[in-house]
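For reference, the structure is listed below as C-alpha cells.
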Amino acid sequence: ADVLEKLGREEGNEFVAHILDWRHLSKLRSTYTESLQDAINQKNGRVHTSFAMALTNTGRLSSSDPNLQNIPIRTEEGRLIRTAFVADQGNVLLSADYSQIELRLVAEMAGIGALKSAFINGEDIHARTASEVMGIPLADVNADLRRKAKAINFGIIYGISGFGLAKQLDCSVSEASAYIRTYMERFPELSQFMEKSKQEARDFGYEKPLFGRKCVIAGIPEKNPARRNFAERQAINAPLQGTAADLVKMAMIRIDRMIKEKGLAAKMVLQVHDELVLEIPENKVEDIIPLIRAGMEGVA
C-alpha cells in the first residue's frame, strides 16, 4: 500500500492513482453504503450498534455490528457517508467532543508546567509547541510549522520513533529524531513520565490510569525488540487513553442522569471515544448546549 501511495499520490502515476481511487471507493461501498443499509432496523429506521465495555486494553468502548466509531472523515467521499446519518424530524445531531483530551492529560499527569500554562491560558497548543521545539517566536509560526508540531505533539504521546515521525512529516529520519530530542529537552517532565510508565509496566505488568483501573501491558519482558517496543509504547499511552476513557464513561453517566432529572428532550445516540453524539430538538439547542458543556467539563 505504501509503495502504491508513493507511486500514485507523490509521483503522479495516473494508472496507480486510479487503482488507489478504486480501492478507496470499493471499500466505502462494501463497508458503509451497502452494509449500513442492510443494518437498518425496519421497525424504527435506525441503525443500532453493539458496544463492548471491556474489549480494549485501555478501557475504551468498542463498537461492532456495525462499527459506528469508524465512519470515515478524512476524505471528501468518506465525509459524504456521514451525511447519510440524519436526525429525526425537528431535531439536530449535537456532537460534544473533549478537545485534545490526551494532550491535556499528559500535561496534567506528567506535570509539564509549560503545557499546563498554555492550556490554562487558552493558547494554540500546536503553535506553542512549534515555537518551543523549532526555536522561533510564536508570531512567526505558519500553518505548515503548526501542522508539523501537531504531528509531533500527537506522535510523542504514542511513543513515536524518529522513523515513524519522518514518515508523517515527509522529512529525513535525522530531522525527525532531532525534533523528538528537542521536544524531550524542552519538556523534561515528559521523558521522566515515560520512563516511570515503562518501569511500572516492567515491575507490575500493568499501568494505572488516574482513577485506579488496571490496564494490563503484555509483552514488556519480550526478548524480541519490536514486540518489546510496542509494549513500551502501550505503557506510555495506556494511562492517558485509559484516563480519557474513564472520563468519557463518567460523562455519559452524568449526562444521562441530567437528561432524566431535568426532563430534557435529548437523547444520547452514540459515543465515539472522546465524543458524545446527542439528538436534540432544534428549538432547544441554545438551552441544552450549556448544560451538556458544563456536565462534561465538570465531570472530574
Side-chain angles (χ1 to χ4, degrees), residues 49-64 68-69 95-120 125 153-159 187 189-220 230-262 266 268-278 291-300:
T49 186
S50 294
F51 283 111
M53 277 288 285
L55 204 63
T56 64
N57 184 39
T58 57
R60 269 181 160 195
L61 291 186
S62 57
S63 158
S64 60
L68 294 182
Q69 292 181 324
S95 161
D97 182 304
Y98 276 125
S99 165
Q100 299 171 330
I101 189 167
E102 287 184 27
L103 275 178
R104 290 173 195 271
L105 285 172
V106 79
E108 170 64 27
M109 291 165 75
I112 305 171
L115 287 186
K116 276 193 197 182
S117 64
F119 276 124
I120 289 165
I125 201 75
N153 268 335
F154 287 118
I156 291 275
I157 58 176
Y158 284 97
F187 307 122
E189 304 96 332
L190 180 63
S191 47
Q192 289 158 21
F193 170 77
M194 287 176 159
E195 285 312 311
K196 180 169 160 279
S197 298
K198 288 190 275 192
Q199 194 54 52
E200 281 174 0
R202 287 186 204 109
D203 292 344
F204 307 113
Y206 61 80
E207 265 302 308
K208 274 189 178 181
L210 271 185
F211 300 100
R213 183 178 45 78
K214 291 178 185 175
C215 297
V216 173
I217 309 293
I220 277 275
F230 177 74
E232 286 181 347
R233 286 198 300 276
Q234 270 193 318
I236 292 163
N237 188 247
L240 303 171
Q241 200 178 99
T243 302
D246 293 345
L247 284 168
V248 177
K249 286 180 183 174
M250 287 153 69
M252 289 170 79
I253 294 165
R254 189 173 185 158
I255 300 290
D256 185 60
R257 278 193 192 138
M258 186 199 295
I259 288 170
K260 285 175 186 152
E261 285 167 10
K262 293 186 183 293
M268 210 185 310
V269 291
L270 190 64
Q271 189 257 44
V272 187
H273 307 311
D274 308 333
E275 169 192 16
L276 299 181
V277 181
L278 297 101
L291 298 173
I292 300 294
R293 178 177 277 132
M296 287 177 75
E297 286 182 354
V299 80

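Index from 1, following the sequence. None of these values were measured; they are calculated from a predicted model.
In this structure a side-chain-to-backbone donor-acceptor pair under 3.5 Å is missing from R104 to F119. The backbone N or O of S99 sits nowhere less than 3.5 Å from a side-chain atom of D274 that would complete a donor-acceptor pair. Counting only distance, with no hydrogens or angles, the side chain of K249 and the backbone of G59 share a donor-acceptor pair below 3.5 Å. Of the possible donor and acceptor atoms, one in the side chain of Q69 sits under 3.5 Å from a partner among the backbone N and O of Q271. Under a 3.5 Å cut-off, the side chain of T49 and the backbone N or O of S64 do form a donor-acceptor pair.
Between the side chains of N237 and E102, at least one donor N or O lies within less than 3.5 Å of an accepting N or O.
If you take CG on D246 and CZ on R213, they are separated by 4.0 Å, rounding to the nearest 0.5 Å. Within the model, atoms OH of Y98 and CG of L105 stand 10.0 Å from one another, a figure rounded to the nearest 0.5 Å. To the nearest 0.5 angstrom, I253 atom CD1 is 8.5 Å from D256 atom CG. Within the model, atoms CD of E108 and OG1 of T243 stand 10.0 Å from one another, a figure rounded to the nearest 0.5 Å. Summarising the geometry, atom CD1 belonging to I292 is positioned 8.0 Å from atom CG belonging to L276; distances are rounded to the nearest 0.5 Å. In this structure, CD in E189 is found 8.0 Å from CG in L115, a value given to the nearest 0.5 Å.
Taking each heavy atom of C215 and P209 in turn, the nearest pair found is SG-CG, 3.8 Å. Annotation for P239 and K208: closest pair CB-O, 4.0 Å, computed over non-hydrogen atoms. Across all non-hydrogen atoms, the minimal contact from L247 to I101 is CD1-CD1, 4.0 Å. Closest approach of I236 and I157 over heavy atoms only: CG2-O, 4.0 Å. Considering all non-hydrogen atoms of both residues, S95 and E275 come closest at OG-OE2, 2.7 Å. Among all heavy-atom pairs drawn from E207 and I217, the shortest one is N-CG1, 4.1 Å.
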Does N57 form a side chain to side chain contact (heavy atoms under 4.5 Å, CB included) with Y206? I'd like the steps, not just the answer.
CA-CA 10 Å; N57 184 39; Y206 61 80; over 6 Å; no

Assess the residue pair K214 and F204 against the criterion (side chain to side chain contact (heavy atoms under 4.5 Å, CB included)); give the C-alpha distance rounded to whole Å, side-chain angles, the decisive distance to 0.1 Å, and a yes or no.
CA-CA 10 Å; K214 291 178 185 175; F204 307 113; over 6 Å; no

Evaluation steps, side chain to side chain contact (heavy atoms under 4.5 Å, CB included), between E232 and M194
CA-CA 9 Å; E232 286 181 347; M194 287 176 159; over 6 Å; no

Decide side chain to side chain contact (heavy atoms under 4.5 Å, CB included) for L61 and V248; before the verdict, give the C-alpha distance in whole Å, the side-chain angles of both, and the deciding distance to 0.1 Å.
CA-CA 10 Å; L61 291 186; V248 177; over 6 Å; no

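The shortest distance between side-chain heavy atoms of L270 and F51 falls below 4.5 Å.
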